[in-house]
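Worksheet: one structure, shown below.
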Amino acid sequence: MSENAGGQGAGGCCGVSGCCTPSERALDPATTVAQAKADSGCACVTAARGDAERALPVVVIGAGPVGLAAAAHLTERGIDFVVLEAGRQVAASVARWGHVRLFSPWRYNVDAAARRLLEAAGWTAPDPDWLPTGAELISGYLAPLAELYGERVRLGAKVAAISRLGYDRVRTAGREDAPFALRLSTGEEILARAVIDASGTYFTPNVLGANGLPAHGEAEASRFIDHALPDVLGADRERYAGRHTLVVGAGHSAATTLLALARLDDTTITWAIRAGSASRTYGGGAADALPARGALGTRLRAHVASGRIRLLTGFFTHRLRRTAEGIEVISRDPSGHERSLVVDRIVSATGYRPDHTIAGELRLDLDPVLGSTRRLAPLIDPNHHSCGTVPPHGVDELAHPEPGYYAVGVKSYGRAPTFLLATGYEQVRSVVAALAGDWEAARQVRLELPETGVCSSSLAEAQERRLGLATGVGGGLLSTPLPLATVSASTEGGCCG
Ligand SMILES: Cc1cc2nc3c(=O)[nH]c(=O)nc-3n(C[C@H](O)[C@H](O)[C@H](O)COP(=O)(O)OP(=O)(O)OC[C@H]3O[C@@H](n4cnc5c(N)ncnc54)[C@H](O)[C@@H]3O)c2cc1C
Ligand SMILES: NC(=O)c1ccc[n+]([C@@H]2O[C@H](COP(=O)([O-])OP(=O)(O)OC[C@H]3O[C@@H](n4cnc5c(N)ncnc54)[C@H](OP(=O)(O)O)[C@@H]3O)[C@@H](O)[C@H]2O)c1
């Protein structure tokens with residue numbers, strides 16, 4: 001039980017019932033005890049935390065763009081931290097798609113706190129209107145940023161599990177005061193006062209099996225399958241030149257790979273989607289409300305119309321089988337009808353899912369569809385939003401029942417493909433402000449973006465022309481501009497001090 005004396009037994013003070021007893025619960029089921037107490041200005045929130053715990057670092061999991069931005073905000077707030085990165089280099093996930101050009105220009109890809117730190121160290125920001133590749137994002141921004149943190153970024157440090165010292169998921173009394181205990185894959189354990197989980201989703205792609213379970217034989221066929229986004233025109237060219245490739249998926253990754261494959265003269269290309277038509281991927285062409293989708297889709301549609309790309313609609317991957325000619329891919333639709341084709345390689349561009357298993361001993365409140373927090377889900381739902389219409393959000397939308405644990409960045413969106421770096425940077429600014437106890441700043445959530453251009457293909461297309469690349473891969477499916485919006489909440493005083 002926490003030691004503060006300000007609570008009032010089972011009453012409804014501090015926004016909780018059973019205040020300062022082991023059974024305390026937030027009166028609003030959508031919020032956490034810590035949140036409810038902080039909302040009501042309860043003094044016991046800070047009083048309950050011991051000096052020893054405050055001396056522990058905040059652990060940031062993942063040295064991708066959002067994890068490194070979190071570290072910048074922690075630096076500015078004077079909060080001790082360590083960044084644990086599984087890869088042998090910073091931004092190991094971005095490095096996997098280093099050959100792909102982003103659809104948002106530099107001005108939206110650099111976090112504000114990171115920029116301040118870098119500029120103080122003599123860094124010059126790249127052309128704000130330029131669209132970098134993933135590799136340029138690392139060399140021009142993320143690598144120099146990580147260098148500023150020195151040994152506080154630990155490479156090759158893979159977090160295997162997170163819990164609280166002396167507490168499994170069931171124990172409650174005193175839980176909030178217990179430090180986090182993170183176990184690395186080497187067995188080493190690290191204590192933390194809070195955890196910012198920016199570990200992304202890139203290493204947990206969705207499967208080929210149409211119902212979300214692996215297709216029969218998918219694991220055995222793994223050496224014939226690449227996940228999004230192979231470097232078809234560069235390092236991986238040999239695997240594709242002169243071959244028949246099946247691309248499965250209906251998103252931007254599938255479109256990117258298909259357009260790249262179409263540039264290799266001697267390839268045979270088949271594209272399989274679950275939907276009955278590719279109209280969602282094509283968008284509405286010139287009449288599309290989303291210009292990027294229209295531009296990319298127009299090129300794709302032309303390749304399908306000319307026969308360069310063979311489109312299979314209503315394709316539900318069920319089984320993969322090795323044959324003397326290659327890999328047989330068998331579709332079985334919900335009525336039981338089967339059809340198959342034999343290919344040399346498969347690109348599985350079926351999107352990503354978050355891995356919450358490392359946080360299995362923590363108390364998470366996950367949306368049953370997306371795997372984000374429940375409060376965030378309606379704001380990012382791809383059935384209703386593109387990246388351009390996701391409103392800014394911060395600590396309140398990201399909080400789990402487990403106080404002090406926040407999944408941020410693309411992982412926070414779960415299966416929704418509507419994430420933008422700019423929103424991730426605002427997430428970590430807000431979360432770090434809350435960790436510093438600055439709830440006013442934490443709740444002044446805003447995105448300073450103009451009305452146009454943040455994920456617009458017109459920029460990508462213009463740059464392609466400038467570069468003479470004409471790759472056809474610069475256009476963005478997600479192209480509605482992000483609106484400038486401000487979300488804030490006020491904190492009002494209460495009992496318990
Ligand atoms: C091809 C592509 C293009 C994109 N283009 C844009 C764009 O133009 N504009 C935009 O705003 N967004 C874009 N996005 C979306 C998004 O911004 C990126 O996915 C971005 O990399 C997300 O950053 P992150 O820091 O959240 O996660 P990541 O970049 O995925 O970083 C996660 C890090 O955590 C590490 N990690 C994973 N597990 C562990 C563990 N257990 N322990 C320790 N470390 C771990 C990984 O190695 C990795 O370095 C794009 C995404 C893709 C895939
Ligand atoms: N900047 C760039 O150039 C660039 C390039 C690539 C990706 N990206 C970004 O990266 C993120 C992820 O994009 P993504 O295309 O990889 O993922 P995505 O947008 O989630 O698209 C994957 C799609 O595949 C389909 N799918 C899922 N499982 C399937 C299965 N088992 N069989 C067949 N189809 C399946 C789904 O469509 P249905 O439900 O309709 O079947 C789903 O929408 C996005 O934010 C995107 O913008 C950016």
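As the structure lists them, so they are numbered: ligands from 1, and atoms in each ligand from 1.
Between Tyr405 and His356, the ring center distance fails the sub-6.0 Å criterion.
Of all the heavy atoms of Leu208, the ones lying under 4.0 Å from any atom of ligand 2 belong exclusively to the backbone. Of the heavy atoms in Arg415, none comes closer than 4.0 Å to ligand 2. In Val100, the part holding a heavy atom less than 4.0 Å from any atom of ligand 2 is the side chain. The backbone of Ala349, and not its side chain, has at least one atom closer than 4.0 Å to an atom of ligand 2 (non-hydrogen atoms only; backbone = N, CA, C, O). Contacts of Tyr352 with ligand 2, taken as heavy-atom pairs under 4.0 Å, involve the side chain alone.
Shown in contact with Gly351 at under 4.0 Å from a heavy atom are these atoms of ligand 2, numbered in order with element: 17 (O), 20 (O), 22 (C). Heavy-atom proximity to Ala250, at under 4.0 Å, picks out these atoms of ligand 2: 23 (C), 24 (O), 25 (C), 37 (O). Near Ala210, meaning under 4.0 Å from any of its heavy atoms, are these atoms of ligand 2: 31 (N). Counting atoms of ligand 2 from 1 in the listed order, those under 4.0 Å from a heavy atom of Ser253 are 6 (C), 7 (C), 13 (O), 14 (P), 15 (O), 16 (O). Of all atoms in ligand 2, listed by their number and element, those nearer than 4.0 Å to a heavy atom of Gly209 are 31 (N). In summary, the atoms of ligand 2 found under 4.0 Å from a heavy atom of Gly251, numbered by their order in the structure, are 15 (O), 21 (O), 23 (C). For ligand 2, the atoms closer than 4.0 angstrom to any heavy atom of Arg280 are 37 (O), 38 (P), 40 (O), 43 (O). Short contacts between ligand 2 and Val248, defined as distances under 4.0 Å to a heavy atom of the residue, involve ligand atoms 32 (N), 33 (C).
Under the salt bridge (charged side-chain N to carboxylate O under 4.0 Å, His left out) rule, Glu328 has a single partner from Arg339, Arg322, Arg321, which is Arg321. Tested against Thr267, the residues His244, Arg308, Arg243 include a single side chain to side chain donor-acceptor pair (under 3.5 Å) partner, Arg308.
Near ligand 1, heavy-atom contacts under 4.0 Å come from Ile61, Gly62, Gly64, Pro65, Val66, Leu84, Glu85, Ala86, Ala91, Ala92, Ser93, Val94, Trp97, Leu102, Phe103, Ser104, Ala157, Lys158, Val159, Ala198, Ser199, Gly200, Phe203, Leu229, Gly409, Val410, Phe419, Leu420, Leu421.
Ligand 2 lies nowhere less than 4.0 angstrom from a heavy atom belonging to Trp97. For the ligand labelled ligand 2, residue Val207 lies inside the 4.0 Å heavy-atom shell. At least one heavy atom of Leu102 sits less than 4.0 Å from an atom of ligand 2.
Identified under the ring-ring contact (aromatic ring centres under 6.0 Å, His included) test for residues 136-156, with sequence neighbours left out: Phe81-Tyr149.
The environment of Glu338 atom CD is dense: over 12 non-hydrogen atoms of other residues, nucleotides or ligands sit within 6.0 angstrom. By the 6.0 Å contact criterion, CZ on Arg152 is enclosed, its count of non-hydrogen atoms from other residues, nucleotides or ligands being greater than 12.
Checked by atom type and distance alone, the side chain of Glu402 pairs as donor or acceptor with a backbone atom of Arg363 at under 3.5 Å. Side-chain atoms of Ser163 come within 3.5 Å of backbone N or O of Tyr167 as a donor-acceptor pair. Checking side-chain atoms of Trp123 against main-chain N and O of Gly140 turns up a donor-acceptor pair under 3.5 Å. His99 contributes a side-chain N or O that, together with a main-chain N or O of Leu229, makes up a donor-acceptor pair within less than 3.5 Å. Of the possible polar contacts, none joining the Asp365 side chain to the Thr373 backbone as a donor-acceptor pair under 3.5 Å is found.
Using cut-offs of 30° and 60° on the angle between ring planes, the pair His393 and Tyr413 is tilted.
The distance criterion of under 3.5 Å between nitrogen or oxygen atoms is met by His252 with respect to ligand 2. Annotation: Pro417 places an N or O atom under 3.5 Å from an N or O atom of ligand 2; distance criterion only. Between Asn206 and ligand 2, no pair of N/O atoms sits closer than 3.5 Å.
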- Message: Set out, in order, the CA-CA distance, both residues' side-chain angles and the distance that settles salt bridge (charged side-chain N to carboxylate O under 4.0 Å, His left out) for Asp226 and Arg345, then state yes or no.
- Response: CA-CA 8 Å; Asp226 281 318; Arg345 290 208 67 80; 3.4 Å; yes

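When only modelled atom types and interatomic distance are considered, Asn109 and Ser104 share a side-chain donor-acceptor pair under 3.5 Å.
Of the charged side-chain nitrogens involved, at least one lies within less than 4.0 Å of a carboxylate oxygen, so that Glu188 and Arg154 count as a salt-bridged pair.
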